[in-house]
2 protein chains.
Amino acid sequence: MSARERRQVASDAGLSKKRVVVEAVRLADREGVGELSMRQLARALGAGAMSLYYYVASKEDLLDAMIDFVFEEIELPPEETDWQSAMRRRAVSARQVLARHPWAIGLMESRTSPGPANLRHREAVTACLRRAGFTVMMATHANWLLDSYVYGFALQESSLPFDTADEFADIAEGVFLPQLPPDEFPYLNESAAVLAAAGYDPAEEFTFGLDLVLAALEPLRAPHVSLHP
Amino acid sequence: MSARERRQVASDAGLSKKRVVVEAVRLADREGVGELSMRQLARALGAGAMSLYYYVASKEDLLDAMIDFVFEEIELPPEETDWQSAMRRRAVSARQVLARHPWAIGLMESRTSPGPANLRHREAVTACLRRAGFTVMMATHANWLLDSYVYGFALQESSLPFDTADEFADIAEGVFLPQLPPDEFPYLNESAAVLAAAGYDPAEEFTFGLDLVLAALEPLRAPHVSLHP
DNA sequence: CCGTACTTCGTACGCTGTACCAATAGTAGT
DNA sequence: ACTACTATTGGTACAGCGTACGAAGTACGG
């Protein structure tokens with residue numbers, strides 16, 4: 001066992017790629033990814049800035065590893081249930097994870113090659129859809145549609161200034177309505193007023209669209225040939 | 001007419017916020033938003049770096065303006081057609097625009113307050129949906145769902161290494177398949193093989209999911225009370 | 001012609017990522 | 001115990017970043 005391998009296992013002292021990535025994610029969550037610099041990260045780890053480069057090829061490499069670390073947190077679709085429940089679980093998990101690490105969404109745009117956790121996730125999702133009776137083509141469609149919805153929702157949610165229904169009501173009345181001239185934006189005013197009064201929760205919004213999409217995908221499944229072996 | 005106002009109108013010489021933003025967008029399109037610096041931008045405009053700060057409060061302010069400039073390029077939903085056609089047109093337009101300016105997607109995460117073009121767009125979309133018979137709540141749901149799909153699709157598309165079906169076939173066979181061990185990723189291998197053989201075009205993928213979502217939203221419209229005045 | 005406001009930008013400061021290389025620490029072989 | 005070696009750490013330096021500050025240049029109303 002080399003010194004390097006020991007360090008990879010040790011958790012309380014010594015650096016390792018894992019420890020570097022974990023601390024980087026923590027920093028990005030707390031301060032935003034824009035505030036994440038190699039020097040700050042090194043300081044948080046009690047190390048010199050250049051020490052990080054023993055575990056990470058470059059900052060780009062670190063960002064890639066951070067993204068894949070985030071993907072590892074997303075639940076894989078469970079295998080024992082029907083496809084809709086499985087897809088719902090993993091979509092809900094993905095939204096939660098991306099809400100915890102909003103910087104990850106913005107980072108996805110600039111990086112091209114998916115990491116290992118990303119690939120494992122895609123494989124598991126595709127497997128679930130194929131076993132549920134979708135053809136290769138339809139499984140691809142479903143995959144794109146579901147991922148687009150999840151990522152896009154997380155992206156929109158990350159730029160909202162509120163998290164809960166209560167916060168929304170406050171902000172809608174205190175910020176939105178005064179900023180929107182009623183003659184120029186009559187419909188947005190109507191929406192803000194109605195939603196503030198009725199209560200509006202982003203989490204419910206997510207499941208609404210998700211269920212609608214899942215229901216719309218159901219008829220695209222091919223007949224279950226697996227039942228006639 | 002002040003000197004400032006003249007400059008805002010002039011297009012061939014002299015700076016203006018518009019000229020600064022337009023050149024910044026051009027630079028970001030060409031080199032990526034990571035390569036966009038105030039000094040480079042100033043050089044492209046034949047000006048000194050600090051001159052830009054007369055038209056722009058900070059780089060953050062510039063990025064906000066760039067995003068809103070991108071939103072201005074997206075077609076508003078036309079008023080003379082049915083709601084599905086209107087929504088389809090503006091969604092297709094949004095995808096095209098975001099594909100032209102992929103950096104805009106990654107930027108949306110970090111900024112909170114929508115610009116004027118963004119607000120005008122939201123107002124027009126909400127108006128279209130309300131006139132089509134959706135309640136405030138259902139129009140909100142439809143808005144979230146459609147925007148999530150468009151943004152999420154653009155986000156995924158921006159991280160694809162290919163743009164057309166032909167490029168995909170090349171890359172699938174040359175990059176994906178060799179990188180994916182068939183025993184670990186059987187379903188992804190199957191997908192890559194089938195899609196490479198059958199042909200796969202991201203633009204068709206987009207309209208497939210879009211039409212599915214639009215069809216799923218149709219039954220959520222309330223009965224047309226406007227027909228019984 | 002002058003005062004005043006508008007527009008430009010040179011300099012400087014503290015930050016960034018990281019190339020390069022020296023220093024140290026821990027292990028294996030003798 | 002001594003050497004040879006590799007694994008690990010980080011100090012210094014450099015080019016480039018955003019931008020605060022303040023000084024120029026320019027145009028116009030009086």
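Values below: every heavy atom of this structure, side chains too, minus hydrogens, waters and symmetry copies. So you know, we letter chains A, B, ... as the sequences are listed, proteins then strands, and number each from 1. Note that the coordinates shown come from a computational prediction; the quantities given were computed from them, not determined experimentally.
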Participant: In this structure, how many angstroms lie between the P atom of C:dG17 and the CG atom of A:L41, rounded?
Facilitator: 9 Å

Participant: Can you tell which of D:dT19, D:dA13, D:dT9 lies closest to the side chain of B:S58?
Facilitator: D:dT19

Participant: Which part of the nucleic acid, if any, lies within contact of B:A47, taking any heavy atom under 4.0 Å across all strands shown: a base, the sugar-phosphate backbone alone, or nothing?
Facilitator: sugar-phosphate

Participant: Looking at D:dT8, C:dG17, D:dG18, which one has an atom nearest to any side-chain atom of B:Y53?
Facilitator: D:dG18

Participant: Report the nucleotide, chosen from D:dG18, C:dT7, D:dT8, that has the shortest atom-to-atom distance to any side-chain atom of B:Y54.
Facilitator: C:dT7

Participant: Assuming nearest nucleotide by heavy-atom distance, tell me which of A:Q40 and A:A57 is located more 5' along DNA chain C.
Facilitator: A:Q40

Participant: Rounding to a whole Å, what distance do you find between A:L15:CG and D:dA7:C1'?
Facilitator: 13 Å

Participant: Pick base, sugar-phosphate or nothing for A:L36, based on heavy-atom distances below 4.0 Å to the nucleic acid.
Facilitator: sugar-phosphate

Participant: Looking only at the side chain of A:S37 (C-beta and beyond, no hydrogens), which of the listed nucleotides D:dG18, C:dT16, C:dT18 gets closest?
Facilitator: C:dT16

Participant: To the nearest Å, how far apart are A:E60 CD and C:dT16 P?
Facilitator: 17 Å

Participant: I'd like to know if the side chain of B:S93 and the backbone of B:R89 have a donor-acceptor N/O pair within less than 3.5 Å.
Facilitator: no

Participant: Give, for atom OH of B:Y149 and atom CG of A:L145, the distance between the pair rounded to the nearest 0.5 Å.
Facilitator: 6.0 Å

Participant: Does B:N118 offer a backbone N or O that forms a donor-acceptor pair with the side chain of B:D68 under 3.5 Å?
Facilitator: yes

Participant: Would you kindly give the NZ-to-C1' distance between A:K59 and C:dC15, to the nearest whole Å?
Facilitator: 12 Å

Participant: Could you check whether atom CZ of A:R90 has more than 12 heavy atoms from other residues, nucleotides or ligands sitting under 6.0 Å from it?
Facilitator: yes

Participant: Any cation-pi pair here, B:R95 with B:F206, using under 6.0 Å and within 45°?
Facilitator: yes

Participant: For A:M50 and C:dA23, give me the distance from atom CE to atom P, rounded to whole Å.
Facilitator: 17 Å

Participant: In whole angstrom, give the distance that lies between atom NZ of B:K17 and atom P of C:dT8.
Facilitator: 15 Å

Participant: Expressed in angstrom and rounded to an integer, what is the separation of B:M38 atom CE from C:dA12 atom P?
Facilitator: 21 Å

Participant: Starting the side chain at C-beta, find the nucleotide from C:dT8, C:dT18, D:dG10 nearest to B:S51.
Facilitator: C:dT8

Participant: Just how far, in rounded Å, is P of C:dT16 from CG of A:L63?
Facilitator: 14 Å

Participant: Can you see if the side chain of A:R39 gets near the phosphate of C:dT16 - specifically, an N or O under 4.0 Å from OP1 or OP2?
Facilitator: yes

